[in-house]
Amino acid sequence: MASGYNPAEYESRWQQRWIDERTYEIDNDDPRPSTYVLSMYPYPSGKAHIGHVRNYTFGDLLVRYRTMNGFGVLSPIGFDSFGLPAENAAIKSGEHPRTYTDARIEELSSSLTKIGAVYDWRRMVKSHDPEYMRWGQWIFKQFYNAGLAYRAEAPVNWCPGCKTVLANEQVLGDGTCERSGDLVERVDKVQWFYKITQYAQELLDDLDDLDWPKRVKTMQTNWIGRSEGAEFALPIADAEGNARTDVPGLAVYTTRPDTGFGMTFAVMAPEHERVDELTTADNAEAVAAFRATVGEKSEIDRMSTSGPIEKRGVDTGTKVVNPFTGEAIPLFLADYVLTTYGTGAIMAVPAHDQRDFEFARTFEVPIRSVVQPTAKWADENQLPNAMRPASEWPKAFVDDGEIVNSSNGSLDLNGLSVSAGVQRATEWLESEELGEGRVNFRLRDWLLSRQRFWGCPIPIIYCDDCGEQLVPDDQLPVVAPDDVEFGADGRSPLATHEDFLSTTCPECGKPATRETDTMDTFVDSSWYFLRFADAFNTDAPFTADAAQRWLPVDQYIGGVEHAILHLLYARFYTKALADLGVAPKELREPFKRLFTQGMVRMGGGKMSKSKGNLVAPEAIIEEHGADALRLAILQVKPPAEDVDWEDFQLDGCSRYLGRVWRLAASTGDIDNKRSGDTTNADDEITKSTHRLIERVTNDLERWSYNTAVAAYMEFTNELYRYVQSDGGPHDTTLDFAVDTLLLLLAPPVPHVAAELWEMRHGTHIHEQTWPVADESMLTVATETMIVQVKGKLRDRIEVPAEISDADAEALALASEKVQQFLDGPPAKVIVRAPKLVNIVP
RNA sequence: GCCCGGGUGGCGGAAUGGCAGACGCGGAGGAUUCAAAAUCCUCUGUCCGAAAGGGCGUGUGGGUUCAAAUCCCACCCCGGGCACCA
């Protein structure tokens with residue numbers, strides 16, 4: 001036997017060879033069919049932890065597999081290198097974020113190399129690279145000129161910990177900042193926005209054609225939140241309850257115009273712009289008091305339903321007219337109506353909306369049923385008689401039912417279903433010129449400005465005379481100065497840096513000031529995958545031709561935590577760039593296929609730097625080798641699932657690679673090898689080899705890496721038995737089996753496969769072609785036919801693979817074991833030759 | 001509350017209507033060795049049985065089917081997302 005498996009001897013040597021020999025560098029004129037495999041570029045936090053290793057192992061396996069399949073694979077890597085941690089480090093230590101970040105990139109790059117991941121490093125993109133910033137700012141300008149970037153005052157999310165505003169997408173469900181965990185405050189501020197809402201419908205529609213995990217698509221669908229309904233005006237009532245014509249009505253939005261006859265009050269958001277106008281003198285004091293309490297509340301308090309409901313609304317004293325019934329109804333303010341959605345005012349139908357129901361109960365507004373509850377619903381709610389008045393219901397009836405009590409001189413909804421009622425009521429509103437059908441989205445525009453230093457500056461200059469001006473192209477990139485001091489107060493030093501601030505107006509040449517806000521780092525990650533396609537271009541962010549050559553990304557790999565942040569923004573950017581003619585017109589989506597891998601946990605919890613439970617791969621690689629670590633990652637669990645570090649089986653994987661090593665390194669020394677004609681046993685090995693090719697190829701294609709590892713192990717076990725068998729192995733049969741195994745192992749464990757292949761052949765395994773199974777070798781001579789009696793296994797019989805149904809049935813019925821369970825001729829026999837016969841007595 | 005996943009040995013998991021538990025970990029036994037490590041081989045769901053063999057078994061309860069971990073209905077539990085969005 002050859003010397004043992006010793007990865008330390010050769011792993012770094014192969015890593016260096018892949019770089020020196022430019023094995024995975026690829027040019028845009030490469031003649032091979034192209035494919036683009038991309039793992040989400042990492043935030044450079046320093047040395048890799050085991051979670052990184054898992055993510056980048058999956059991508060690397062695919063790059064190597066596709067390369068062996070004859071593709072010219074674009075496999076780039078970059079770093080999402082702007083962001084708060086570098087700035088926080090600067091505040092703490094005084095080290096400039098750039099030097100800090102460059103050092104972290106160095107560490108992470110080195111880690112990636114040590115796990116055997118291969119990239120075209122020439123194409124590296126770093127967010128903080130001035131050349132990348134130049135084009136990022138240039139793109140901002142195109143968006144600005146197209147009306148897709150604008151500045152506006154709006155209620156925004158302010159994180160007191162990060163001292164910056166956040167996008168809606170960065171505020172967690174509990175109202176805290178996704179980064180610092182601080183409670184986010186709502187403040188009015190002038191900020192920069194991208195008009196992502198312009199693409200809401202397309203972002204929704206195009207999800208259909210993406211080969212993405214269903215749950216990610218669902219999350220985006222929910223986030224975009226399309227709803228169909230009607231927008232119409234409630235006339236303001238005069239003292240007699242008649243509609244005034246001298247003031248415009250109050251616009252409301254509803255998805256249930258079918259329940260218009262059940263509207264017994266209306267509600268405005270406390271921040272609604274017409275509150276003062278529509279409050280009576282008598283109620284002004286109460287309204288002012290109410291608005292003050294709402295203003296004090298945090299978003300969380302406001303969202304919680306635990307507070308006393310009587311504190312959550314106030315009567316304006318004004319009445320509006322329900323256009324369906326002609327009745328004058330009260331107008332309230334309530335904190336459950338949001339100013340940012342729809343028109344900021346609603347028609348309230350307490351019988352058929354739970355929030356309206358609770359509000360009406362407290363404020364003693366009539367509850368009028370206009371949809372007949374179903375008997376089932378009445379039953380579930382202990383209402384023996386569904387006809388009881390709605391005021392006695394325990395809750396609102398919101399399901400489909402038959403519309404009742406709903407007619408006036410020109411509209412009759414009675415007897416219709418909810419959906420038919422919605423349609424008829426909308427048509428009526430339109431014909432009466434009261435309103436129209438309308439689609440609303442939950443999605444808001446993307447707030448992109450950040451009051452931070454370590455980000456890409458927004459290329460805007462403010463001039464007292466000329467107003468907002470774009471920085472001219474020849475002055476790009478706008479780069480933050482180096483001579484800055486980070487104070488302990490956490491504010492961006494940009495805002496107070498005189499040399500940075502003062503500039504001249506590009507229009508009139510007079511003194512002017514720069515915008516000091518920087519862009520959200522999600523802007524940087526919204527087009528880096530396009531830059532990779534043309535990374536050396538100094539005249540443009542990329543050419544449409546280069547983008548056409550590589551995009552969309554054929555396989556994108558990353559964490560599900562980006563489902564509605566990065567993955568939505570990148571889709572918007574791609575669509576906008578295509579419409580602006582920067583990217584190819586046809587490029588509507590950036591990522592054709594998406595795979596979301598699970599994360600690595602520790603002790604059941606998330607691994608994180610702050611918890612101090614990161615597992616560093618270095619020590620593991622030293623002890624077991626990078627290949628064993630990669631194999632353990634693949635073997636332990638399906639790649640889409642979260643995994644606990646405790647479940648990794650490094651010893652087992654190490655042991656397995658040792659078995660492969662001894663088998664492949666020693667086949668020349670086996671002394672009982674035969675030549676010449678092959679025996680049945682030899683032919684079975686050859687067939688198994690072909691079956692392995694088939695199995696592994698299928699498993700790699702369907703991301704079933706854990707079963708692929710099982711297949712390697714099973715086959716290796718079979719080869720061990722074969723080598724040790726009485727007859728001994730046949731020389732070419734064994735060589736074929738071992739060589740094939742090595743080829744199939746090359747993507748998951750690239751170093752050991754390369755080393756063994758070179759020992760055996762003197763060539764480079766990663767330049768070999770992926771083996772193809774011979775169809776004719778996948779057939780077997782005999783099958784084990786299972787015989788069931790009434791679905792229970794009673795016997796197994798070896799039968800020829802091409803046995804007829806009749807023969808199979810006869811054989812099964814003749815079985816002694818089967819006979820024991822039969823007392824007479826069977827009632828029915830199901831035959832699926834050659835796999836199964838099921839006898840029903 | 002709504003929307004997605006998921007629930008299988010001591011553990012990670014396999015099985016896309018047809019032999020439940022592949023493969024690995026852990027465990028037991030054996031070979032090799034002066035001994036050990038390493039390595040190699042065998043066994044390992046559960047109950048009854050000396051064995052042959054048989055019963056039971058994929059969260060729970062029903063159903064469809066010759067046949068269900070797999071499909072359908074109801075429920076329980078775990079994980080994730082969204083959540084006053086009118």
Side-chain angles (χ1 to χ4, degrees), chain A residues 1 4 172-174 213-223 225-227 229-230 252-257 259 266-267 269 302-305 312 334-338 340-349 352-356 358-359 395 398 440-444 560-561 563-564 598 631-632 635-638 640-644 646-653 655-656 658-659 662 702 704 706-717 720-721 724 784-796 817 820 826-832 835-841:
Chain A
M1 284 272 168
L172 301 181
D174 63 357
K214 198 174 146 195
R215 78 177 160 142
V216 175
K217 291 198 204 181
T218 308
M219 283 162 75
Q220 292 214 352
T221 302
N222 291 342
W223 189 261
R226 182 192 148 101
S227 74
V252 295
Y253 173 74
T254 181
T255 55
R256 294 290 303 275
T259 59
V267 188
R302 193 164 161 184
M303 285 196 304
S304 86
T305 44
R312 303 188 58 204
D335 65 359
Y336 74 84
V337 176
L338 308 176
T340 47
Y341 185 77
T343 61
I346 61 161
M347 71 170 206
V349 184
H352 305 295
D353 180 283
Q354 186 59 25
R355 295 151 302 175
D356 297 346
E358 287 165 21
F359 193 86
K395 61 180 188 186
V398 297
N440 253 314
F441 293 95
R442 217 190 67 119
L443 183 70
R444 313 286 159 72
V560 73
E561 66 272 19
I564 44 179
L631 193 67
Q635 184 226 23
V636 65
K637 219 166 179 176
E641 289 174 35
D642 289 349
V643 57
D644 288 309
E646 290 85 347
D647 292 330
F648 277 64
Q649 297 168 0
L650 275 163
D651 288 329
C653 289
R655 203 144 57 212
Y656 171 72
R659 278 166 76 80
R662 283 185 293 279
R702 68 186 179 114
S704 184
N706 53 333
T707 54
V709 174
Y712 296 132
M713 290 178 168
E714 243 172 281
F715 181 70
T716 307
N717 289 343
Y720 263 70
R721 285 192 295 271
Q724 294 170 6
T784 306
M785 183 172 80
I786 57 166
V787 185
Q788 299 175 326
V789 178
K790 226 180 139 193
K792 274 196 183 300
L793 174 71
R794 294 304 177 190
D795 199 6
R796 297 186 175 91
K817 289 174 182 168
Q820 290 171 23
K828 194 172 177 182
V829 181
I830 285 93
V831 184
R832 297 280 181 277
K835 294 277 189 193
L836 168 138
V837 173
N838 188 13
I839 300 159
V840 187

Exercise for review: Might you confirm whether atom NZ of Lys790(A) has over 12 heavy atoms from other residues, nucleotides or ligands at distances under 6.0 Å?
Suggested key: no
Exercise for the section: Could you work out the separation of A14(B) and C25(B) based on their C1' atoms and round it to a whole Å? Expected result: 15 Å
- Query: Can a donor-acceptor pair be found between the side chains of Thr218(A) and Thr221(A) at a distance below 3.5 Å?
  - Reply: no
Assign each of Ser227(A) and Arg215(A) the nucleotide of RNA chain B bearing its closest heavy atom; nearer the 5' end lies the nucleotide of Arg215(A)
The nucleotide from U39(B), A86(B), C82(B) with an atom nearest the side chain of Ile564(A) is C82(B)
To the nearest angstrom, the CG-P distance between Asp647(A) and C11(B) comes to 11 Å
Its dot-bracket string being built from Watson-Crick and G-U pairs below 3.5 Å, with | for another strand and [ ] for crossing, RNA chain B has the pattern (((((((..(((.....[....)))((((((.......))))))((((....))))..(((((..]....))))))))))))....
- [ ] Verify side-chain contact (heavy atoms from CB on, under 4.5 Å) between Asn440(A) and Arg226(A), making sure each step is shown before the conclusion.
- [x] CA-CA 6 Å; Asn440(A) 253 314; Arg226(A) 182 192 148 101; over 6 Å; no
Relative to its sugar, using the 90° cut-off around 0, the base of G55(B) is anti
- Message: Give me the distance, rounded to whole Å, that separates G57(B) from G63(B) when you measure between the P atoms they each carry.
- Response: 15 Å
* Asked: On a whole-Å scale, what distance lies between the P atoms belonging to U64(B) and C73(B)?
  -> 15 Å
Side-chain contact check for Glu714(A): nearest option of C40(B), A83(B), C23(B) is C23(B)
Say we look at G30(B) and A22(B): how far apart would their C1' atoms be, to the nearest angstrom?
25 Å
When rounded to whole Å, the CD to P distance for the pair Gln724(A) and A31(B) reads 17 Å
Sorted by position of nearest nucleotide on RNA chain B, 5' first, the leading residue of Phe441(A) and Val560(A) is Val560(A)
What one should report as the nearest heavy-atom pair of Val398(A) and Gln354(A) is CG1-N, 4.4 Å
For nucleotides 15-20 of chain B, 5' to 3', base contacts (B), sugar-phosphate-only contacts (S) and non-contacts (-) with protein non-hydrogen atoms under 4.0 Å give S--BB-
Rounding to 0.5 Å, atoms CD1 (Ile564(A)) and CD (Gln220(A)) come to a distance of 8.0 Å
>> Whether Arg659(A) contacts A38(B) is assessed here as follows: a side-chain N or O lying under 4.0 Å from the phosphate OP1 or OP2. Is that the case?
In response: no
query = Heavy atoms under 4.0 Å, any strand shown: does Glu641(A) hit a base, just sugar-phosphate, or nothing?
reply = sugar-phosphate
### Message
At less than 4.0 Å, is any side-chain N or O atom of Lys828(A) found next to OP1 or OP2 of C66(B)? Yes or no.
### Response
yes
* Can the positive tip of Arg659(A) be found less than 6.0 Å from the middle of the six-membered ring of Tyr720(A), inside 45° of the ring normal? -> yes
When rounded to whole Å, the CZ to C1' distance for the pair Phe715(A) and C23(B) reads 15 Å
Taking atom C1' in both G9(B) and G18(B), compute the distance separating them and give it to the nearest angstrom.
-> 23 Å
Exercise for review: Select base, sugar-phosphate, or nothing to describe what Arg794(A) touches, counting heavy atoms under 4.0 Å on all strands.
Suggested key: sugar-phosphate
Could you check whether any side-chain N or O of Arg832(A) sits under 3.5 Å from a backbone N or O of Ile830(A), counting only pairs where one atom can act as donor and the other as acceptor? no
_Residue pair Tyr253(A), Ser227(A): steps toward the side-chain contact (heavy atoms from CB on, under 4.5 Å) verdict_ = CA-CA 11 Å; Tyr253(A) 173 74; Ser227(A) 74; 2.9 Å; yes
request  = Quote, to the nearest angstrom, the P distance that separates C72(B) from U39(B).
outcome  = 47 Å
If only side-chain N and O atoms of Tyr341(A) are considered, is one of them under 4.0 Å from the OP1 or OP2 phosphate oxygen of A86(B)?
yes
In whole angstroms, the gap separating P of C25(B) from CD of Gln649(A) amounts to 7 Å
**Prompt:** Between Asp356(A) and Tyr336(A), do the side chains contain an N or O donor and an N or O acceptor separated by less than 3.5 Å?
**Reply:** yes
Next item on the list: Would you mind reporting whether Val829(A) and Val840(A) have side-chain heavy atoms less than 4.5 Å apart?
Entry: no
Handout entry: Side chain proximity check, Gln788(A) to Arg794(A), heavy atoms < 4.5 angstrom
Key = no
Self-check item: Sugar-phosphate only, base, or nothing, as touched by Asp642(A) at under 4.0 Å among non-hydrogen atoms
Solution: nothing
Which of U42(B), C3(B), C23(B) is nearest the side chain of Arg721(A)? It is U42(B)
CD (Gln820(A)) and CG (Asp795(A)) are apart, to the nearest 0.5 Å, by 9.5 Å
Rounded to whole Å, CD of Gln635(A) lies from P of C25(B) at a distance of 8 Å
Between NZ of Lys817(A) and C1' of A52(B) the distance, given in whole Å, is 10 Å
Worksheet item: Asn706(A) side chain N/O closer than 4.0 Å to the phosphate oxygens (OP1, OP2) of G12(B)?
Response: no
Over all strands shown, is Gly652(A) touching base, sugar-phosphate only, or nothing at heavy-atom distances under 4.0 angstrom?
sugar-phosphate
- Is the phosphate of G24(B), meaning OP1 or OP2, less than 4.0 Å from a side-chain N or O of Asn717(A)? yes
Rounded to whole Å, CG of Asp644(A) lies from P of G79(B) at a distance of 13 Å
Separation of C82(B) atom P from Leu443(A) atom CG, nearest Å, is 14 Å
**Residue-phosphate contact under 4.0 Å: Arg655(A) side-chain N/O, C40(B) OP1/OP2** = no
C66(B) versus C4(B) - spacing of their P atoms, nearest Å
31 Å
Using atom P of each nucleotide, how far apart are C43(B) and A50(B) to the nearest Å?
23 Å
| request: Ignoring backbone atoms, establish whether Lys214(A) has a side-chain N or O less than 4.0 Å from OP1 or OP2 of G6(B). | output: no
